[in-house]
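What's counted below: heavy atoms across the whole structure, side chains too, no hydrogens, waters or symmetry copies. Start at 1 and go down the list; that is how both ligands and their atoms are numbered. Numbers for residues simply follow the sequence, beginning at 1.
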Amino acid sequence: MSIISGALYVVATPIGNLGDMSQRAIEVLSGVVLIAAEDKRHSGKLLHHFDIKTPTMALHDHNERAVSESIVARLLGGEAVALVSDAGTPLISDPGYHLVAQVRAAGCRVIPVPGASALLAALSASGLPSDRFIFEGFLPAKAGARNARLEQLQGEHRTLIFYEAPHRIVESVAAMTGVFGADRQAVIARELTKTFETIHGDTLAGLSTWLKSDANQQRGEFVVMVAGAPLEDQEVDAETERVLRLLLAEMPLKQAATLAAKITGVKKNLLYQFALQLPR
Ligand code: SAM
């Protein structure tokens, strides 16, 4: 394949199973003049496995802005560069945002080379609604901030997707149980694509118990998915929906929901969420 000069390639790498490395990823990483890697040693093992000899440079949260400038200069000079993270798709809870923004602002091309990402792998096998979902990345580490974030998400109707670290998985799922309720359905996807891959669904209370009762289930890497809050459809009866639709045709969604709530007496937030689901 031909490498486009002056382009930044954003290359996804496996999240555990090296068989998920794409042929295109290998060809791009072999063909560029430089690979910016979150951790040179970590990526070095992957590159060695695929016999890729391209030089690497470190690009992580602490040096990203400074390093981005030098990469932009090289792209403007006609060189092609690739970006990889330790696992999965760069920029997804990984460094790369500042680099991509700077490269695009400089007018250079950014070319994605798609592949594994834990959140989509998890969602695709979860059995939870996948038509609409939100990705929240990692929750804050401190209990107060974590609860505040969860409370903001309490009424969210879309499937919620979180990343979590092994040392926080038990307390995070317990906090979700406290905020979203013991009966909310959820799925934990652990060690995806690896030997101990486990995808386990239950109520949040059930998952909490399951995690606590087996230390093995607390090891490795986790994606936690929580079903969205149920839509209380019965409260949005046909007449309320008619009013809402009429208003939506005339004004922005938020204003329509506010006015419809005043007219019908139905909760504004419920109407807002309901309106979001209507085809526009
Ligand atoms: N960029 C990566 C992606 O595209 O998925 C995510 C990087 S983030 C720093 C690492 C987190 O992703 C882990 O803590 C875990 O929550 C999730 N993760 C990564 N690999 C995973 C796997 N094999 N199974 C389950 N979760 C995984």
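Between L119 and ligand 1, a contact under 3.5 Å exists for no N or O pair. Of the polar atoms of Y163, at least one N or O is found under 3.5 Å from an N or O of ligand 1, judged by distance alone. Of the polar atoms of P90, none of the N or O atoms is found under 3.5 Å from an N or O of ligand 1, judged by distance alone.
Comparing D94, T13, L192, L91 by heavy-atom distance to atom 1 (N) of ligand 1, the nearest is D94. Comparing E197, E191, E221 against atom 13 (C) of ligand 1, the shortest heavy-atom distance belongs to E221.
Looking at heavy atoms from C-beta onward, H157 lies in side-chain contact with Q277 at the 4.5 angstrom threshold. In this structure, N147 and R149 have side chains that are not in contact, with every pair of non-hydrogen atoms separated by 4.5 Å or more. The closest side-chain heavy-atom distance from T56 to L34 is not below 4.5 Å. A 4.5 Å side-chain heavy-atom check between F162 and M176 finds at least one atom pair inside the cut-off.
Shown in contact with E164 at under 4.0 Å from a heavy atom are these atoms of ligand 1, numbered in order with element: 14 (O), 16 (O). Residue-ligand proximity, K194 to ligand 1, at heavy-atom distances under 4.0 Å covers atoms 23 (N). With ligand atoms numbered from 1 in the order given, ligand 1 contributes 7 (C), 8 (S), 9 (C) to contacts under 4.0 Å with heavy atoms of S93. Within the listing of ligand 1, atoms 1 (N), 2 (C) sit less than 4.0 angstrom from a heavy atom of A87. The ligand atoms of ligand 1 that sit less than 4.0 angstrom from a heavy atom of T89 are 1 (N), 3 (C), 4 (O). Atoms of ligand 1 found under 4.0 Å from any heavy atom of A189 (numbered from 1 in listed order, with element): 25 (C).
For atom 6 (C) of ligand 1, the closest non-hydrogen atom of the protein is I92 O, 3.4 Å. At the top of the distance list for atom 18 (N) of ligand 1, counting protein heavy atoms only, stands A118 CB, 3.4 Å. For atom 16 (O) of ligand 1, the closest heavy atom belonging to the protein is F222 O, 2.6 Å.
Under the 30°/60° scheme for interplanar angles, the aromatic rings of F138 and Y163 are found to stand perpendicular.
Heavy-atom distances between F138 and ligand 1 reach below 4.0 Å in at least one pair. Within the structure, the closest approach of V223 to ligand 1 falls below 4.0 Å when heavy atoms are considered.
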Donor-acceptor list for residues 86-106 side chains, cut-off 3.5 Å, not counting sequence neighbours:
{"unit_1": "T89", "atom_1": "OG1", "unit_2": "A116", "atom_2": "O", "d": "2.8"}
{"unit_1": "D94", "atom_1": "OD2", "unit_2": "S85", "atom_2": "OG", "d": "2.9"}
{"unit_1": "H98", "atom_1": "NE2", "unit_2": "R65", "atom_2": "NH2", "d": "3.2"}

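In this structure a side-chain-to-backbone donor-acceptor pair under 3.5 Å is present from S126 to L123.
Remark: E79 pairs with R74 by the salt bridge (Lys or Arg N to Asp or Glu O under 4.0 Å) rule, at least two apart or across chains.
Using a 4.0 Å cut-off between charged nitrogen and carboxylate oxygen, K194 and E221 count as a salt-bridge pair. Ion pair E239/R242 flagged as a salt bridge, since at least one NZ, NE, NH1 or NH2 atom sits closer than 4.0 Å to an Asp/Glu carboxylate oxygen.
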